[in-house]
There are 2 protein chains.
Amino acid sequence: MHSSAQHDELVYFPSWTAGRNGYADRIRQLFQEYHQKQGLRMTKQRNRILDYLLNTDHHVDMNEIYNALKGHGVGKVTVFRALKMLQEAKLVERVHDSDGRARYEVQHERPHHDHLVCVQCGRIQEIQWPQIEKIQDKTCKDVGFERTFHRHEVSGDCKDCRKKNTAAK
Amino acid sequence: MHSSAQHDELVYFPSWTAGRNGYADRIRQLFQEYHQKQGLRMTKQRNRILDYLLNTDHHVDMNEIYNALKGHGVGKVTVFRALKMLQEAKLVERVHDSDGRARYEVQHERPHHDHLVCVQCGRIQEIQWPQIEKIQDKTCKDVGFERTFHRHEVSGDCKDCRKKNTAAK
DNA sequence: ATACATGCAAACGTTTTGCACTTAG
DNA sequence: CTAAGTGCAAAACGTTTGCATGTAT
């Protein structure tokens, strides 16, 4: 699987960012299997919605998907219901941005990752922090807390926006 | 201030958890000063809302405050506007829960802290993780990201709940 | 006295549902 | 053919605003 050395350092650009197509195909397969298992029907709308999700590298909201696809016979409600279905299938995860609005991302069968969220351009950069996970584990053990999940978001200004800022002066 | 040794280890029960009253008084003072500076008026409603916030140990939403105070001449809209004002005064911070609903907490003039959230009893244990902050700083510098804020929540089962679970068997 | 604060009701934006029509299997 | 899927419009939901009334200064 993710065969490259799993050392203890930070991994800024995780290995799974490569080979995205194989990954996308795997999701599409699970998507189909879920339909069969649940007696659901594949439609062009659902396929387009999943495609959109698989071809984006950031967390999208319902409207973004709707706007991108509305010319192609996909309604807002369908996007809503497809996203709901995809969540039930555990293929998409719902998160919320800093204003509390819902955003979605393809659920990754891959190492847990944290987020660098740019407050200017909204871009979300994903990062793996194995060191931090280790520290968490140790502390949790010490205080008798059993960790099941964690959310770690760092907000600030990304490289590009900072460059623009200084250029604008 | 927080005079105790600021070493690099985890601090499970930070020093500022003691002396909560002094802390509350400080906030009330800033609250009053903000009113004077801005030419605002102190009202019983606003005082009650601030008191409620100061006497709770978890992140509350508008409705919780409203329900607690509606018998005492405090309307929903007033809670809303008071919270808005408190945010402008930098005394209250607005966050969002996992469903995207707004929640509020008194803004702490104290070291940044992270949260251990028990999914069973809902209790939130606060933790300082200076080691983790260090790692963040280093990574952010490496990728050219300027960190302004971070949110770090670890979910799981707390010591007490786990004890209860095994006892129940 | 006079701004500022309050609370009702109504506007708002987003998410969700009811229902008649369409379509994949 | 028929149960599932779609899309419109409308309900539901939380948040926010307009305006007449109340009140701290």
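Side-chain atoms are counted along with the backbone in the values below, which use heavy atoms only and exclude waters and symmetry mates. Here is the naming used below: chain letters follow the sequence lines, and residue numbers restart at 1 for every chain.
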Verify the contact: side-chain N or O of [X] to OP1 or OP2 of [N], cut-off strictly under 4.0 Å; return yes or no.
X: B:Lys70; N: C:dT6; result: no
X: A:Thr43; N: C:dT23; result: no
X: A:Thr78; N: D:dG7; result: yes
X: A:Lys44; N: C:dT22; result: no
X: B:Arg46; N: C:dA5; result: yes

Closest approach of A:Ile49 to A:Thr78 (non-hydrogen atoms, all atoms of both residues):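 Heavy-atom minimum between the residues: CD1-O, 4.0 Å.
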Closest nucleotide among C:dG7, D:dT15, C:dT17 to the B:Gln45 side chain: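 Between C:dG7, D:dT15, C:dT17, the one nearest the side chain of B:Gln45 would be C:dG7.
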Closest to side chain of A:Met62, choosing from C:dT23, D:dT25, C:dT16: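 Taking heavy atoms from C-beta onward, the closest nucleotide is C:dT16.
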Polar side-chain atom of B:Arg48 near backbone of B:His72 as donor-acceptor pair, under 3.5 Å: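 Yes, because the side chain of B:Arg48 sits within donor-acceptor range (under 3.5 Å) of the backbone of B:His72.
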Euclidean distance, atom [atom1] of residue [X] to atom [atom2] of [N] [Å, nearest integer]:
X: B:Asn63; N: D:dT16; atom1: CG; atom2: C1'; answer: 15 Å
X: A:Ile49; N: D:dT6; atom1: CD1; atom2: C1'; answer: 10 Å
X: A:Arg81; N: D:dA9; atom1: CZ; atom2: C1'; answer: 12 Å

Nearest-nucleotide 5' precedence on DNA chain D, B:Val77 against A:Val74: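 Nearest-nucleotide comparison on DNA chain D picks A:Val74.
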Angle by which the axis turns from one end of the helix from C:dA1-D:dT25 to C:dG25-D:dC1 to the other, five pairs per end, to 10 degrees: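 The helix from C:dA1-D:dT25 to C:dG25-D:dC1 shows an end-to-end axis angle of 30°.
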Sugar-phosphate, base or nothing in reach of B:Lys84, heavy atoms under 4.0 Å: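 Sugar-phosphate contact only - B:Lys84 comes under 4.0 Å of backbone atoms but never of a base.
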